[in-house]
Structure formats: structure tokens, C-alpha cells
Number of protein chains: 2
Amino acid sequence: MPGPIQSLSRAAAIMRLLAGGERRLGLSEVATALDLAKGTAHGILRTLQQEGFVEQDPESGKYQLGAELLRLGQSYLDVHELRARALVWADDLARAAGETVYLGVLHQRGVLIVHHVFRPDDTRQVLEVGSMQPLHSTALGKVLLAYDPVARGELGEEPLESYTSRTLTGLADVDTEAALTRERGWADAVEETWEGVASIGALIQDRRRNPVGAVCISGPVERVCEDGFVRPSLVASVRSAARAISRDLGAGRF
Amino acid sequence: MPGPIQSLSRAAAIMRLLAGGERRLGLSEVATALDLAKGTAHGILRTLQQEGFVEQDPESGKYQLGAELLRLGQSYLDVHELRARALVWADDLARAAGETVYLGVLHQRGVLIVHHVFRPDDTRQVLEVGSMQPLHSTALGKVLLAYDPVARGELGEEPLESYTSRTLTGLADVDTEAALTRERGWADAVEETWEGVASIGALIQDRRRNPVGAVCISGPVERVCEDGFVRPSLVASVRSAARAISRDLGAGRF
DNA sequence: CACTGCGGTCGACAATGTCGACCGCCTGTC
DNA sequence: GACAGGCGGTCGACATTGTCGACCGCAGTG
């Protein structure tokens with residue numbers, strides 16, 4: 001494969017940098033962070049700004065991400081086949097389980113949330129579509145680790161981050177967990193990322209049985225678990241929703 | 001201003017093209033649509049794919065937008081100051097008015113929705129954050145046209161699209177409407193974009209009184225209007241919410 | 001009032017992206 | 001089943017194009 005286009009890779013790096021840092025960044029900060037000449041960074045930023053991918057605060061002259069990204073991100077969701085097929089099933093699952101439902105796909109080193117159904121009739125909740133969750137400490141992530149060889153590869157070398165006292169941080173532990181997941185066909189994560197939160201997830205596959213994503217329900221431990229284990233009835237609901245979506249994607253016809 | 005970076009502009013054009021067309025596009029389609037050599041288009045697409053901005057269907061080889069855009073779009077929302085400040089007020093407005101609330105900013109030739117509060121306790125609704133609305137036939141758009149000189153400039157030359165029999169398509173009509181909006185301090189749009197839907201909007205300004213966006217409520221004509229006019233009580237609610245958000249942004253302190 | 005930092009510009013240079021011919025593959029067709 | 005036509009993808013020569021670092025004007029600061 002021939003080399004990537006330098007200016008494009010740099011532009012992408014700049015946008016990721018702007019996405020990462022909480023606050024707006026100045027031209028010099030960007031240039032030094034990515035080890036670019038100021039002139040070069042400026043040229044790229046100017047173009048990105050013209051295209052709407054980056055905005056400049058007229059007061060401070062600092063840069064932040066632009067509105068065009070939001071619009072394009074929305075277009076991504078519109079075309080997303082998995083999401084489109086799963087909309088109805090996710091809704092049903094949320095109603096049946098009475099808990100929040102997430103739909104996620106593997107992206108880079110984590111799970112990208114592409115759909116989110118709020119827990120029925122409850123308090124204010126923030127939409128998490130577009131945010132990322134860790135692979136090794138969430139139900140969605142564990143499912144993808146178990147079935148998607150790419151996901152396992154992404155974990156790679158570095159030590160896993162610990163979020164609570166129950167987070168599994170050893171690679172061996174994660175592999176054991178993946179084996180268990182494959183064996184029983186679903187994964188759970190009880191207070192491994194957020195205290196008090198438990199989730200149950202299952203795999204979604206396409207017509208050629210490739211893993212394409214995962215569904216999960218997520219809620220307070222007290223409701224999701226019983227006697228220290230996740231409630232079997234909820235597991236059944238999640239698995240049947242996952243099967244339904246997979247079937248809808250064409251996994252059933254052959 | 002020195003010239004923009006060619007490869008970046010082209011990459012942006014490709015992404016917009018992919019966002020526009022409903023279905024996935026092949027390499028040759030992209031190349032001919034933008035009048036590029038196939039090799040050139042391929043180089044850009046390859047880089048975009050590597051960075052996650054574009055994905056390729058392994059079966060057909062065709063291209064579509066990638067997940068990274070969703071993630072970056074979310075980051076845009078996270079940093080967005082107007083949106084952050086408006087969250088609570090929008091919620092209150094939705095509850096008080098009993099209708100859907102939108103928060104929009106000017107983007108290109110339209111209004112980009114950056115926040116959306118569902119109508120309280122009602123049927124299934126789809127989140128419209130990230131989608132665009134026309135300038136000349138929505139309450140949000142009219143507000144921006146009235147107060148933002150850039151918005152008026154964007155309308156420019158071409159004839160305005162008509163969506164219903166009540167859409168104002170003449171530039172003169174739009175200017176009259178803008179003058180009216182400035183005079184009374186709010187805008188409405190009754191069945192001008194969607195049959196049966198009416199909306200009421202007001203301006204949000206920053207600490208230096210620059211227009212930065214608009215809020216509106218939107219709902220069925222039967223509930224929003226009374227005797228052929230929008231209900232004064234709803235107008236009052238929207239205007240007070242807009243003032244509250246503006247104050248929160250610092251417009252009040254001087 | 002120098003000084004230091006900022007965002008932004010400029011012009012020379014060569015690295016870099018671009019182009020169009022070419023390749024192998026698949027699909028449909030006669 | 002041979003052929004044609006389309007596809008996505010590659011390659012290497014060429015010069016266009018992006019890059020670099022010195023420079024500019026301005027704001028804030030001691």
C-alpha cells in the first residue's frame with residue numbers, strides 16, 4: 001500500500017488533538033504538540049476552518065472543532081445499516097427490561113456508541129451517542145473482545161486502565177472472560193467501569209456471521225443483579241434482541 | 001489570504017459528497033463526480049479510511065462515511081459553550097411549554113440543530129441533533145436571518161425552495177419578515193416547512209450582544225396556535241428562555 | 001518601553017501529491 | 001466460455017504544491 005497523504009494525516013491529527021483537549025487550542029500549541037512548523041499548522045487550520053471542520057474564536061484566536069463535523073457525524077448515523085435495523089428492537093428491549101439500552105460498534109481501541117435508548121420514564125439523561133466506552137470493562141466491549149479478532153488485537157501491549165476495584169486489568173483475565181463469553185453467548189460487567197452500574201451484552205452479527213456490533217442493557221446493580229448475579233430474565237431479553245437484530249441484518253437467511 | 005491546501009479541500013468535498021448521497025459510492029463515481037483522476041481520489045480515500053473518516057464496504061468495495069466523524073461530532077458538542085449553558089433552560093422551556101425545543105446555530109446556508117429536547121411524555125421521537133433546517137421557513141432560521149448579517153448574505157441569489165403552500169419564497173417577503181422579527185423580538189413559522197407544524201423562536205446573543213444562535217419551540221398547529229395566531233403565552237416562554245440563556249452566556253454583565 | 005508571546009504572512013525549495021496509463025479481477029453477455 | 005466492459009487498485013514520471021523558518025505587527029506584561 002502506497003503512503004498516505006501527508007497533509008491529510010496531519011489534518012486528522014489536528015482534529016483529534018482539538019477533540020481531545022477540553023479547551024480551545026492556540027496555533028502555537030497545535031504546532032508544537034504535533035511537531036509542525038507554525039506556518040504549516042496554520043495552512044492546515046485555515047483550510048479546515050474554511051471547510052467548517054474547525055472554528056476560530058474571534059476573540060482569542062484559538063481553535064476548536066467546527067459544526068460541519070456534527071453534520072457529517074449525523075450523516076454517518078443516517079447511513080449506518082446496523083443502527084437503522086436495530087432502532088425498533090432496541091426500543092422494545094428498553095421497554096421490556098425497563099433499563100437503558102446501548103448499541104455499540106468497535107472503533108479504534110474502544111466501543112463507539114451508535115444508539116442509545118433512555119431508560120423508560122425516568123430522570124434527566126444525557127445522550128451518549130458518539131461517545132466511547134472501554135473494551136475490557138463493559139458488557140459491549142467484552143462481547144466484541146470475545147468475538148472480534150480485531151478487537152483483541154487492539155488491546156495489544158499496554159496495561160489496562162482500572163476504573164473501579166472490580167475492573168479486570170490483567171490480559172489473562174480478559175482472555176478468560178472472553179472464553180467464558182464465547183461459551184455462554186453473552187457478557188456482563190458489574191461495577192467494572194462505574195460504581196453501582198451493571199450491564200449485560202450480546203453479539204450482533206451480519207449475514208455472513210461476522211461480528212458487527214453489540215447490544216447491551218445497563219442499569220443500577222440493585223435492579224440488574226440478584227443475589228450477586230445478573231438476572232437470567234434480563235440476559236434472555238438481551239440475547240433475544242441481539243438475535244432479532246442479527247436476523248434482521250440477514251444472518252438468518254442461507 | 002494565501003490559498004487553501006488542495007488535498008484537504010478535495011478530501012472535504014469527498015466527505016460531503018459521501019454525506020449527501022444516500023447510498024455508498026464507488027471509487028470511480030467519486031472521481032468523476034468531483035472531476036479527479038482515479039488515482040488521486042483513491043489516494044485521498046485511502047488516507048481518509050486509515051484515519052477512520054471513511055469506511056469501505058469489504059464486499060462491494062464502495063465507500064461511506066466513517067465512525068470517527070461521529071466521535072468528533074460528539075466532541076464538538078461537548079465543547080460547544082452555547083449548548084452547555086442552554087441545556088437546563090431548554091429543559092425547563094420544554095416542560096413549561098409542553099412542546100419540543102430546538103437550539104440551533106447558523107451553519108452554511110441553514111440552521112444546524114445542536115440541541116433537541118423531546119416533547120414531554122409523548123410518542124417515539126427521533127433525535128435531530130446534527131440535522132439542518134432551512135433559513136427562510138423556520139422560526140430558528142427567521143431569527144438568524146433577522147439578526148445575523150452573515151445569514152442574510154447566505155441566502156444570496158438563488159430562488160428559495162418552497163415546502164408547503166405557506167412557504168415565503170420571495171426575497172422581499174423574507175426581508176419584510178426579518179424587519180417584523182427585529183421589531184417585535186421573536187419569529188414564528190406556521191406550516192411553512194412542514195404541514196401541521198408551527199414554531200416560535202427567539203434570539204440568543206453573547207456577552208458582546210453578537211447573535212450566536214436561537215431557541216424555538218415546535219409543535220402541532222392546534223396546540224401552538226389559537227385563532228390563527230401563535231399563543232402569546234408560548235411566545236413569552238420562548239423569549240424568557242432566550243434571555244435566560246443569553247444572560248447565562250454573559251450578555252447581562254457590563 | 002523593551003520584551004516576550006501570540007497569530008499570521010511570505011517566498012524559496014524540494015518533497016509531495018497528482019496524473020493517466022496500466023493491472024488483475026469480477027460480472028454479465030452473446 | 002471467450003470476450004468486453006466495468007470495477008478498485010497500482011505505479012512511476014513530473015511539476016505542482018505543501019512545507020519550512022525567518023519575518024511582521026500586535027497585545028499584554030514586567
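The chains referred to below are lettered A, B, ... by the order of the sequence lines, with proteins before strands, and numbering in each begins at 1. Both backbone and side-chain heavy atoms feed into the values below; hydrogens, waters and symmetry mates do not.
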Looking for any heavy atom pair under 4.0 Å, which part of the strands does Gly39(B) touch: base, sugar-phosphate only, or nothing?
base

Using a cut-off of 4.0 Å on non-hydrogen atoms, how would the nucleic acid contact of Lys38(A) be classed: base, sugar-phosphate, or nothing?
base

Report yes if at least one side-chain N or O of [X] is closer than 4.0 Å to OP1 or OP2 of [N]; otherwise report no.
X        : N       : result
Tyr63(A) : dC6(C)  : no
His42(B) : dG8(D)  : no
Gln6(B)  : dT18(C) : yes
Thr40(B) : dC19(C) : yes

The side chain of Leu27(A) lies closest to which of these nucleotides: dG8(C), dG17(C), dC20(D)?
dG8(C)

Of the options dG8(D), dT18(C), dG18(D), whose atoms approach the side-chain atoms of Ser28(B) most closely?
dG8(D)

Could you check Arg83(B) against Asp78(B) for salt bridge (Lys or Arg N to Asp or Glu O under 4.0 Å), going step by step and ending with a plain yes or no?
CA-CA 8 Å; Arg83(B) 181 173 182 269; Asp78(B) 289 344; 5.2 Å; no

Does Tyr63(A) have its ring centroid less than 6.0 Å away from the ring centroid of His42(A)?
no

Please check if the number of heavy atoms outside Trp89(B) that lie under 6.0 Å from its CH2 is greater than 12.
no

5'-most contact on DNA chain C (nearest-nucleotide basis), Gln56(A) vs Arg10(A), goes to Gln56(A)

For Gly61(A) and Asp35(B), take the nucleotide of DNA chain C holding the closest heavy atom to each; which residue's nucleotide lies nearer the 5' end?
Gly61(A)

Give the minimum heavy-atom separation between His80(A) and Val114(A), together with the two atoms involved.
NE2-CG1, 4.3 Å

